[in-house]
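A note on names: the letters A, B, ... follow the listed sequences, proteins ahead of strands, and every chain is numbered from 1.
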Protein chains: 2
Amino acid sequence: MKVGIIGGGQLGRMLALAGYPLGLEFRVLEPKPAASAGDVAEHVRGDYDDPEALDAFANGLDVVTYEFENVPRTSADRLAGRVPVYPPPDALDVAQDRLVEKRFFRERGIPTAPFEPVGSRDELDAALEQLGTPAVLKTRRFGYDGKGQVILRSAADADGAWEELGGRPLILEGFVAFQRELSILSVRGRHGAVRTYPLVHNVHHEGILVRSRAPAPGVDADLQALAEDYARRVLEKLDYVGVLAIELFEHEGRLLANEMAPRVHNSGHWSIEGAETSQFENHVRAVAGLPLGTTRPVGVSVMHNLIGTVPSLEAMLAVEGAHVHLYAKSARPGRKLGHVTVRAADGTTALDRAEELADLLA
Amino acid sequence: MKVGIIGGGQLGRMLALAGYPLGLEFRVLEPKPAASAGDVAEHVRGDYDDPEALDAFANGLDVVTYEFENVPRTSADRLAGRVPVYPPPDALDVAQDRLVEKRFFRERGIPTAPFEPVGSRDELDAALEQLGTPAVLKTRRFGYDGKGQVILRSAADADGAWEELGGRPLILEGFVAFQRELSILSVRGRHGAVRTYPLVHNVHHEGILVRSRAPAPGVDADLQALAEDYARRVLEKLDYVGVLAIELFEHEGRLLANEMAPRVHNSGHWSIEGAETSQFENHVRAVAGLPLGTTRPVGVSVMHNLIGTVPSLEAMLAVEGAHVHLYAKSARPGRKLGHVTVRAADGTTALDRAEELADLLA
């Protein structure tokens with residue numbers, strides 16, 4: 001069976017590495033000549049919205065998936081006319097627009113931060129009146145890793161924020177003084193089976209994920225069940241197949257959904273070592289129509305992203321229990337170049353080793 | 001860094017899959033057009049003793065290793081003139097000849113079954129007189145998976161055995177009524193660091209490994225230390241770099257060395273899930289000059305080989321905790337097509353799941 005992946009980045013690379021042991025083959029569609037996944041998959045070069053490239057890519061594939069949520073809907077539909085595409089293209093519509101996404105969560109009974117659509121300067125003022133400050137103005141589409149958003153600390157910041165983002169469809173989100181950021185990763189198979197990973201605790205810096213710990217400490221069975229229930233509502237409404245990540249704010253015992261990613265997710269990288277079946281293998285199993293693997297954690301894992309630069313490989317590997325994953329990408333400030341996971345039987349040991357790594361990364 | 005692997009079979013495939021996360025690239029030398037490793041590594045086609053193929057293969061590599069022990073010594077030397085070759089070619093001389101190998105063990109103070117060289121029909125009679133029956137007549141070179149050997153239950157079997165194997169350099173080995181077969185896998189880095197995996201219990205059928213359990217049950221610290229000591233003697237004498245496997249017979253509390261493989265080994269496949277660092281990653285780390293990873297076991301693992309046929313992938317993956325590794329090879333009786341490992345926190349659970357798998361394989 002040959003699996004096509006739209007996008008040739010590190011997520012595609014890790015999907016392919018997880019899928020070869022199952023006897024699958026991989027092809028990626030990626031316009032750039034240098035693709036992180038290019039070492040381990042056939043690389044078809046072409047733009048994501050080029051019909052000829054899409055047709056050449058689809059030729060001979062058994063199933064298509066994607067590794068980023070900004071796949072053009074028309075491209076997904078074109079491919080879906082020839083070969084099954086999972087997750088379902090409808091998931092793209094939800095994930096590509098912050099307003100659609102938040103309304104989708106609300107309609108499922110999943111709480112979110114308060115929000116208002118902003119289409120004009122007047123609407124920004126009205127939304128600010130409604131939500132108060134601090135608040136965050138965001139582009140509805142194409143934001144990632146903290147890009148396309150401005151924090152408004154008072155109404156006086158409205159002019160500057162409008163100058164930066166105005167003219168595009170926007171959303172104003174009320175500020176939530178959350179205790180911490182969590183994410184829930186779940187996977188649904190072609191026949192409707194669902195498995196969910198334990199909640200992950202995530203730490204961001206300047207909008208980029210820097211560190212995840214799984215299972216998140218201090219999570220009781222009720223909170224885990226609540227997160228699983230939310231995930232299941234999204235999965236079932238979309239008749240979803242594959243891994244889905246939902247980022248959550250924990251706030252006074254409640255979980256507010258922030259956004260979802262219809263793909264494998266950076267906050268699930270720990271699962272390569274830290275779960276019985278990794279998110280990558282489970283995504284591949286799901287889209288290939290195979291039974292899902294158990295998501296049971298194996299010990300406690302802490303994952304650090306390698307952002308902008310990669311410390312000495314020798315030094316990282318010298319940390320007991322460190323598992324290094326490099327993406328074969330050229331260095332650039334703010335770019336995710338790899339990650340390192342330490343796994344240990346208990347949280348204290350994992351944290352001690354994570355400290356050693358953090359010192360190397362500092 | 002680009003690593004060359006002589007041989008494009010499943011061991012090369014799993015070495016490459018383990019090495020990409022470290023940012024390494026791979027090239028294999030393999031005469032056959034269909035190479036198990038070909039999906040995940042650049043494939044240079046050529047015979048192992050073709051100087052032009054060897055030169056084309058070596059071009060641009062940083063280090064060369066191999067995945068089978070019958071690499072021609074002259075080829076290893078030719079490559080070693082251009083690029084570091086690990087494990088050291090001297091290890092090939094030892095591993096390629098059962099007589100040299102057994103003498104090498106004895107010289108290191110490592111016990112073996114009794115043996116006699118056999119170069120003629122007369123020498124076979126003399127050796128039988130010396131060792132008694134039952135005994136096993138084996139070719140000194142190119143035997144594997146039970147091929148090239150004949151069991152002599154009485155002296156009357158000598159004619160038939162000579163007819164089958166005579167004319168080649170042979171060795172007669174006294175029969176050891178061993179309790180069980182174990183193996184010790186160890187790894188030595190470029191700077192002399194050594195790590196050893198726990199002893200593995202192996203079960204063979206018709207000369208082919210069918211099942212391994214790790215850590216082997218009923219191994220006390222003394223037995224593990226003895227095996228580690230033997231491994232270390234071999235590693236240090238050869239100034240070895242990489243993974244080394246030694247097959248052992250356990251006999252009345254003693255360990256008799258049967259043979260060694262200067263490469264990753266089938267009885268170490270469990271380590272992909274069952275050890276903190278797999279034999280494949282540690283071999284790659286060693287030959288690339290990187291620090292070794294800890295060999296600590298993670299739970300208890302049972303590995304089954306898939307020989308000749310592959311059961312339904314769906315059925316295998318439906319077994320809780322089953323990890324399937326297919327080699328992308330066409331089916332043929334007696335051919336190793338993949339393996340499945342079940343790992344669990346405790347031995348009882350691992351064995352229960354292994355039973356489920358064994359039922360599928362039967």
Side-chain angles (χ1 to χ4, degrees), chain A residues 1-2 10 13-14 16-26 36-37 39-42 193 272-273 276-278 281-282 285 288-294 296 298-299 306 310 312-329 337-345, chain B residues 1 10 13-14 16-26 36-37 39-42 189 191 193 272-273 276-278 281-282 285 288-294 296 298-299 310 312-329 337-345:
Chain A
M1 180 180 276
K2 192 153 193 168
Q10 65 264 25
R13 176 180 174 96
M14 290 186 277
L17 288 172
Y20 281 111
L22 301 178
L24 306 176
E25 296 178 297
F26 291 87
S36 175
D39 284 337
V40 293
E42 183 191 343
I272 296 175
E273 292 84 16
E276 190 66 37
T277 314
S278 77
E281 179 171 343
N282 256 336
R285 288 198 194 192
L290 296 167
L292 304 181
T294 170
R296 191 178 61 79
V298 179
L306 304 177
V310 175
S312 147
L313 182 56
E314 284 76 3
M316 289 191 289
L317 292 177
V319 175
E320 182 89 0
H323 297 276
V324 174
H325 299 262
L326 300 180
Y327 305 153
K329 291 161 68 177
L337 302 174
H339 74 269
V340 193
T341 299
V342 287
R343 173 185 63 179
Chain B
M1 180 181 274
Q10 66 264 25
R13 177 181 173 96
M14 290 187 277
L17 287 173
Y20 281 110
L22 302 178
L24 305 175
E25 296 178 296
F26 292 87
S36 175
D39 284 338
V40 293
E42 183 191 343
H191 307 297
I272 296 175
E273 292 85 16
E276 190 66 37
T277 314
S278 77
E281 179 171 343
N282 257 336
R285 288 197 195 192
L290 295 166
L292 304 180
T294 171
R296 191 178 60 78
V298 180
V310 175
S312 147
L313 182 57
E314 284 76 4
M316 289 191 288
L317 292 177
V319 175
E320 183 89 1
H323 296 276
V324 174
H325 298 263
L326 300 180
Y327 306 153
K329 290 161 69 177
L337 302 174
H339 74 269
V340 193
T341 300
V342 286
R343 172 185 63 180

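Within the 4.5 angstrom heavy-atom criterion, atoms from both the backbone and the side chain of B:E314 approach chain A. For A:R343, the parts lying under 4.5 angstrom from a heavy atom of chain B are both the backbone and the side chain. Heavy atoms of A:A16 lying under 4.5 Å from chain B are absent altogether. With a threshold of 4.5 angstrom between heavy atoms, B:H323 approaches chain A through side-chain atoms but not through N, CA, C or O. Of the atoms belonging to A:E276, heavy atoms from both backbone and side chain fall under 4.5 Å from chain B.
Across all non-hydrogen atoms, the minimal contact from B:P291 to A:A318 is CG-N, 4.1 Å. In terms of heavy-atom proximity, A:V324 sits nearest to B:L22 at O-CD2, 4.0 Å.
With chain A as the partner, the residue from B:L313, B:L290, B:V40 showing the most heavy-atom pairs under 4.5 Å is B:L290. Contact count versus chain A (heavy atoms, under 4.5 Å) is highest, among B:G338, B:G321, B:A328, B:A41, for B:G321. Your options are B:V298, B:L292, B:L24, and the one with the most heavy-atom pairs under 4.5 Å with chain A is B:V298. Most heavy-atom pairs under 4.5 Å with chain B: of the set A:T277, A:V310, A:L326, this distinction falls to A:L326. Looking only at heavy-atom pairs under 4.5 Å with chain A, the residue among B:R296, B:E42, B:R13, B:E273 that has the most is B:R13.
Here A:A315 pairs with A:S312, A:L360 under the side-chain contact (heavy atoms from CB on, under 4.5 Å) rule; sequence neighbours left out. Partners of A:E25 according to the side-chain contact (heavy atoms from CB on, under 4.5 Å) rule, which considers only residues two or more places apart in sequence or in another chain, are A:K2, B:D39.
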